[in-house]
Amino acid sequence: MPDSVLPGDLAGWLALIEARHGQRIELGLERVAAVRDAMGLSSDAIVITVAGTNGKGSSCAMLEAICLAAGYRVGLYTSPHLMRYNERVRINGFDTDDATLAAAFAQVEQARGDTYLTYFEHGTLAAWACFADAALDVIILEVGLGGRLDATNVFESDCAIVTSIAMDHMEYLGDTLEAIGREKAGVFRPGRPAICADPQPPATIEAVAAEVGAQLQISGRDFGFSGDRTQWKFWGPGVRRGGLAYPALRGANQLLNASAVMAALEAIRDRLPVSMQAIREGMMLVDLPGRFQTLPGQPAVVLDVAHNPQAVGVLAENLANMGYYPETWAVVGMMADKAVEASLARIKHRVDHWLPASLPGPRGLSADDLAARMTAAGIDVGDHRHASPADAYRAARAAAQDGDRIIVFGSFLTVADALVAIRAER
């Protein structure tokens, strides 16, 4: 479609921007800031920015659920999506409709002139256009990559959260935790709360906070949690909150995320008061597909978008806490630029049967290439090779017994494609 013929619907806009730019990553704020200024959009909403390697999506979902339970009007921008682009832009708990998103894309297109924007940058500005029109109280922005040079960082935040910090996207963020931490901490703002959920962050987190004058709180030092089998407690500067139900999101790591969310809300409670009832309700009702999502029925099916060593290690820990299953079948599809061997080494002792699957696109590993890398890592792959995660899931479903367990992980694309097969059988 030539650029002179602009689309009228969301599918057309996504196709056009994909054709122009693909999923190319070009970090930097100058272009995005120029188009932001040309759009002339503003919002009086309190902005919370969430960066980090893993745990961003869960933290954003908890923030959204709590703020909605407190009666606030909430906008949430996340990426990537599982099934539909609309999932990325949520207003008051619902995915934004096609017409609203299409109008926002057109608004960005009109304002950008000759300025080049990547797919993600165009989408970020379109999300802000949707939020600016919605008269919101709170806007939650999930950083796409890094923080300092991510498109979301052109918007001034009132509070920043950095979740875990681990080795990922090294080609863009640096090949040390110190370098990656500096990029993540780029979302900190002078005089504003900066919450770090990582209890052992690289020194650059504190260094950047000191440089910009952010009000840094670190998990385990300035705030934290404790719990037993039935409930947990949060503690922070001058405050203790007890009798909390565990978040509805499953996983051993979720209290790290939940306590950081509570620390953030405590830090801005003078501008965004939230009751304990809203916190309890939000934690109980929060939902986020693809994060250690366990489906009902037999065999047990676990969906997790874990795709780097830290996240896959957490998945392995969570699997260990599930109880006994005679056999575990793993459907896995991964991107070529991920630390495949290091990631799968964290979980190989939890898997009995591997079903590698091909992922599409230039970054997607074929099943054969994935199997070769698994073999090099000392994993006995067997004879399974599948053209797609959906095919691999169907094969696992046919082979597994009722008491067994099937896990699907490795990428958002892996979980999304397997979900197509899962929904077709229900």
Side-chain angles (χ1 to χ4, degrees), residues 42-52 56 58-77 91-93 128 131-132 134-143 147 152-163 185-197 205-206 208-225 232-244 247 255-286:
S42 63
S43 174
D44 294 328
I46 292 172
V47 177
I48 304 173
T49 301
V50 182
K56 292 182 296 184
S58 297
S59 300
C60 287
M62 291 182 201
L63 281 168
E64 180 196 41
I66 291 169
C67 290
L68 287 173
Y72 292 114
R73 297 164 296 177
V74 184
L76 172 62
Y77 177 57
I91 294 176
N92 293 329
W128 189 261
F131 296 155
L136 300 173
D137 301 309
V138 189
I139 295 174
I140 303 161
L141 301 175
E142 179 187 356
V143 169
T152 57
N153 205 32
V154 299
F155 303 107
E156 287 298 314
S157 65
D158 298 277
C159 180
I161 298 175
V162 172
T163 59
V187 299
F188 294 168
R189 293 292 191 270
R192 304 287 175 83
I195 310 300
C196 181
I205 291 292
E206 289 197 70
V208 172
E211 289 167 13
V212 303
Q215 299 171 356
L216 179 64
Q217 295 182 39
I218 296 177
S219 178
R221 186 191 75 180
D222 305 298
F223 69 92
F225 62 89
W232 67 286
K233 300 176 182 178
F234 166 82
W235 59 267
V239 64
R240 292 184 179 274
R241 308 289 188 193
L244 298 169
L255 284 190
L256 281 170
N257 299 326
S259 60
V261 164
M262 289 195 62
L265 293 173
E266 287 289 341
I268 57 173
R269 67 179 297 109
D270 58 330
R271 299 182 57 196
L272 191 77
V274 173
S275 69
M276 283 305 300
Q277 178 58 33
I279 290 172
R280 291 189 176 95
E281 183 179 336
M283 291 291 185
M284 288 190 295
L285 297 179
V286 62

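Side-chain atoms are counted along with the backbone in the values below, which use heavy atoms only and exclude waters and symmetry mates.
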Quiz item: Within a strict 4.5 Å, meaning less than it, do heavy atoms of the L256 and F225 side chains meet?
Solution: yes
Self-check item: Main-chain N/O of C196 paired to T163 side chain as donor or acceptor, under 3.5 Å
Solution: no
Quiz item: If you round to the nearest 0.5 Å, how far is CD of E64 from SG of C60?
Solution: 9.0 Å
Quiz item: What is the minimum heavy-atom distance between A51 and V143, and which atoms define it?
Solution: CB-CG2, 3.8 Å
Quiz item: Do the side chain of N92 and the main chain of V74 share a donor and acceptor less than 3.5 angstrom apart?
Solution: yes
Quiz item: So which heavy atom on N153 is nearest to which on G186, and how close?
Solution: ND2-O, 3.1 Å
Enumerate donor-acceptor pairs with a distance under 3.5 Å from any side-chain N or O in residues 216-223 to protein atoms, sequence neighbours excluded.
from, atom 1, to, atom 2, distance (Å)
R221, NH1, E206, OE1, 3.0
D222, OD2, I218, N, 2.8

Per-pair distances, 0.1 Å, donor-acceptor, side chain in residues 276-283, under 3.5 Å, sequence neighbours excluded:
from, atom 1, to, atom 2, distance (Å)
R280, NE, G243, O, 3.4
R280, NH2, G242, O, 3.3

Quiz item: About how many Å separate CZ of F131 and CG of L141, when rounded to the nearest 0.5 Å?
Solution: 6.5 Å
Quiz item: Atom CD1 in I268, atom CZ in R192: separation rounded to 0.5 Å?
Solution: 10.5 Å
Quiz item: Do I205 and F188 have side-chain heavy atoms sitting under 4.5 Å apart?
Solution: yes
Self-check item: Close side-chain approach of W128 to I139, heavy-atom, < 4.5 Å
Solution: yes
Exercise. Tell me, yes or no, whether the heavy-atom count around D44 atom CG, taken from other residues, nucleotides or ligands under 6.0 Å, exceeds 12.
Key: no
Exercise. Enter the distance from Q215:CD to C159:SG here, rounded to the nearest 0.5 Å.
Key: 9.5 Å
Practice problem: Return the set of residues passing side chain to side chain donor-acceptor pair (under 3.5 Å) with R271 (not counting sequence neighbours), or none when no residue passes. | Solution: D158
Self-check item: Straight-line distance of L63 CG to I161 CD1, nearest 0.5 Å
Solution: 5.0 Å
Quiz item: R189 side chain to E156 main-chain N or O, any donor-acceptor pair under 3.5 Å?
Solution: no
Quiz item: Any side-chain heavy atom of F234 within less than 4.5 Å of one from V261?
Solution: no
Practice problem: Could you walk me through whether V274 and Y72 pass the side-chain contact (heavy atoms from CB on, under 4.5 Å) test, one step at a time? | Solution: CA-CA 9 Å; V274 173; Y72 292 114; 4.2 Å; yes
Quiz item: What are the two closest non-hydrogen atoms of G147 and V187, and how far apart are they?
Solution: CA-CG1, 3.8 Å
Quiz item: Got L272 and C67 here, is their nearest side-chain heavy-atom distance under 4.5 Å?
Solution: yes
Quiz prompt | Approximate separation, where rounding is to 0.5 Å, of S259 OG and M62 CE | solution = 9.0 Å
